Amino acid sequence: MKIGELSRRSGVSVRMLRYYESEGLIAPARRASGYRDYDVEDVRIVLAIRTLNEAGLKLDFIRRFLPCLRSEGPILHPCPDLMAAMEQQMQALDDRIGKYRESRKMLGGYYEEMLSHS
DNA sequence: ATTCTAACA
DNA sequence: TGTTAGTA
């Protein structure tokens, strides 16, 4: 299928689809016309990329686990390597959340103090 | 009408 | 990312 159809079937803009290719996430074949030629499996791969990206994973991170997004079954099927990486990512998020909570707590404390003196 | 590349407000 | 230009 051509890029326009993949765009409609995945909900990802044509612009983004080309961007994904430039970032090495998808490698569509080319027709004699020069048009990109995607296969039906690409719909699922693009959907998986969107899912992971919206979950906060950067594209260069996702790029390393493309093999995990290619097999059959659900968009996100069990994949040891990817799951291990996701655990680390979640831990990193938890660390950041903890630091944000501290900042929020400190700021709130200073604010209340200023409020009590006004 | 659709796609392509490159580049811009 | 969107959008636009000039093509094929």
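Chain letters run A, B, ... following the sequence lines, proteins first, then strands; residues in each count from 1. In this text the structure is predicted, and so the values were computed from the model without any measurement.
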Response to the item:
Contact span of DNA chain C against chain A, any nucleotide atom under 4.0 Å from a heavy atom, 5' to 3', runs C/dT1 to C/dA8
Worksheet entry | Outermost nucleotides of DNA chain B that come under 4.0 Å of a non-hydrogen atom of chain A |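 For DNA chain B, the relevant span reads B/dT2 to B/dA7.
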Discussion item. Using side chain to side chain contact (heavy atoms under 4.5 Å, CB included), reason through A/Met1 and A/Val43 one step at a time and then give a plain yes or no.
Written reply: CA-CA 10 Å; A/Met1 68 181 92; A/Val43 177; 3.6 Å; yes
Worksheet item: Does A/Arg15 or A/Glu5 map to a spot on DNA chain B nearer the 5' end, using the closest nucleotide for each?
Response: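 Of the two residues, A/Glu5 wins.
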Practice prompt. Could you tell me whether A/Ser33 contacts a base, only the sugar-phosphate backbone, or nothing, with contacts defined as non-hydrogen atoms closer than 4.0 Å?
Written response: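 It contacts nothing in the nucleic acid.
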Worksheet item: So what does A/Arg30 hit on the nucleic acid, given a heavy-atom distance under 4.0 Å: a base, only sugar-phosphate, or nothing?
Response: sugar-phosphate
Fill in: First of A/Val14 and A/Tyr35 reached from the 5' end of DNA chain C, by closest nucleotide
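With A/Val14 and A/Tyr35 compared, the 5'-side residue is A/Val14.
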Worksheet item: What do you reckon, is CZ of A/Arg30 surrounded by more than 12 foreign heavy atoms closer than 6.0 Å?
Response: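 Atom CZ in A/Arg30 is packed in, count exceeds 12.
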Worksheet item: In this structure, are over 12 heavy atoms from other groups packed under 6.0 Å from A/Met90 atom CE?
Response: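 Check passes, neighbour count above 12.
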Discussion item. Is the shortest side-chain heavy-atom distance between A/Glu21 and A/Pro28 below 4.5 Å?
Written reply: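 A side-chain contact under 4.5 Å exists here.
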Fill in: Residue pairs, two or more places apart or on separate chains, that pass disulfide bond (SG atoms under 2.5 Å apart) and touch residues 72-118 of chain A
A/Cys68-A/Cys79
Discussion item. Any strand counts, and the cut-off is 3.5 Å on both contacts for Watson-Crick or G-U wobble. Which nucleotide pairs with C/dT7?
Written reply: none
Worksheet item: Considering every strand shown, what is the Watson-Crick or G-U wobble mate of C/dT1 when both distances are under 3.5 Å?
Response: none
Discussion item. Using only atom types and a distance under 3.5 Å, with no angle test, would you say the side chain of A/Arg31 pairs donor to acceptor with the backbone of A/Arg36?
Written reply: no
Worksheet item: Under 3.5 Å, is there a donor-acceptor pair between the side chain of A/Ser7 and the main chain of A/Ile3?
Response: no
Discussion item. Between A/Ile49 and A/Leu59, does the side chain to side chain contact (heavy atoms under 4.5 Å, CB included) criterion hold? Intermediate values first, please.
Written reply: CA-CA 8 Å; A/Ile49 291 174; A/Leu59 297 185; 4.2 Å; yes
